[in-house]
Amino acid sequence: MSLKDDFPILSREVNGHPLIYLDNAATTQKPQVVIDAISQYYSNSNANVHRAVHTLAGEATEGYENCRRWIKSWFNAEKAILTSGTTEAINLVAYGWGRANLQPGDVIVLTEMEHHSDIVPWQILSEERGIEIRYVPVLDDFTLDMDAYAVSLENAKLVCVVHTSNVLGVRNSVDELISLAHKAGAKILIDAAQAVPHDKIDFELFNADFMAFSAHKMCGPTGIGALLVKSDAFEQMQPFMGGGDMIESVTTSGSTYQTNEHKFEAGTPKIAEAVGWSAAFEWMSAIDLPAHHERLLNIAKWTADQLREIGCTVYGRHQSGDAAVVSFLHPTIHSEDFARFLDAKGFAVRTGHHCAQPLLNRLGITGTIRASFYLYNTQDEAEKFISTVRYIVGKFA
Ligand code: PMP
């Protein structure tokens, strides 16, 4: 048995070839246990949560809250707000914390490496509130300019930074980013969407104020994610969405709110998704993540070296701690054409700007081809990938 056998989709064919799925930075595949848990929930326990006394409602509530317990214990966090994903988690910080705590003229520090989901909410808030946004530049070695970061922290109230780049795979110096932000009196939000699939982060030790991530990048379902929040920051947050489930009482003259995470989870939540995510956590708890991370990084490094030998430009460095993401361009073959030829041979890769246009502008390009590896990928698949790349390049030569 290999890990791959746990994932039904990985035994399918695409265009007459066995699927080799290398688009894991976009979303990972789901093991059968996750699919079964969701199906079992809808077949047996479907009901709304927190509302009724009947048995099904109890099972649904237990399924939903069990996911929160998994998140809290996996990440050692006191507060875990369930969201629809990283994007909603970051928007929750912008609207729930930012609106309540930022004044005109206040400064937020972002970086040129951010995903659009960690830029656009701040731009919207900045227009609404007259907040200044500063961007930390990316250097030629694909790392953040830490000198510029130190300078940008003057009068900053909040830093929002990506832990691991979805384009480059580069892991930023997060410990240093966090401690410098705190020394400057700023809170810090970490976009950990690409970090949590590879690294079991202890949120208490990590010491960031907010951390956002999505289930679907760590073998869980789409449509669910979480925001971890330190207790003092949690107390400073105001609801972003109003509705059922988040209130304590409502009268025609006003409402009072729940004091726990439910305050930020208005409406019917993502119940089936939460059940599926719990199954993913359970499945992942039998996996040696650090060993796989090292194995996958070696595969990515080997792939990057081969691509350079073929004449491609690789955007990334594949050093210890980085994610197994290989972004590259061929000097003459257009990336979309390249990806279509790869698809014709059964390979799934991503092309385009990867929702990180400021980073691509900085790199002077409009897109890359991105191959990203996860737990079920093997060196053998990387070798097949490279021989197919060689075949495609040979056809165009
Ligand atoms: N940040 C990063 C670094 C990401 O890679 C992604 C997903 N591509 C997101 C944020 C947004 O995640 P989601 O679409 O699941 O909300």
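Order of appearance sets the numbers: ligands from 1, and atoms from 1 within every ligand.
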Side-chain donor-acceptor contact under 3.5 Å, E383 with Q379: yes
Within-shell test, E114 vs ligand 1, heavy atom, strictly < 4.0 Å: no
Residue portion contacting ligand 1 (non-hydrogen atoms closer than 4.0 Å) for T87: both
Non-hydrogen atom of C355 closer than 4.0 Å to ligand 1: no
E282 atom CD, neighbour heavy-atom count above 12 within 6.0 Å: no
Per atom 12 (O) of ligand 1, closest listed option by heavy atom (T86, N166, V162): T86
Under-4.0 Å salt bridge between K263 and E248: no
Contact summary for A186 and L158, nearest pair of heavy atoms: CB-N, 4.0 Å
For S214, atoms of ligand 1 separated by under 4.0 Å from a heavy atom: 12 (O), 13 (P), 15 (O), 16 (O)
Parallel, tilted or perpendicular: ring planes of F338 versus H330, cut at 30 and 60 degrees: tilted
Proximal candidate to atom 7 (C) of ligand 1 [heavy atom criterion; set H354, H163, Q194, K217]: K217
For A193, atoms of ligand 1 separated by under 4.0 Å from a heavy atom: 1 (N), 2 (C), 4 (C), 6 (C), 10 (C)
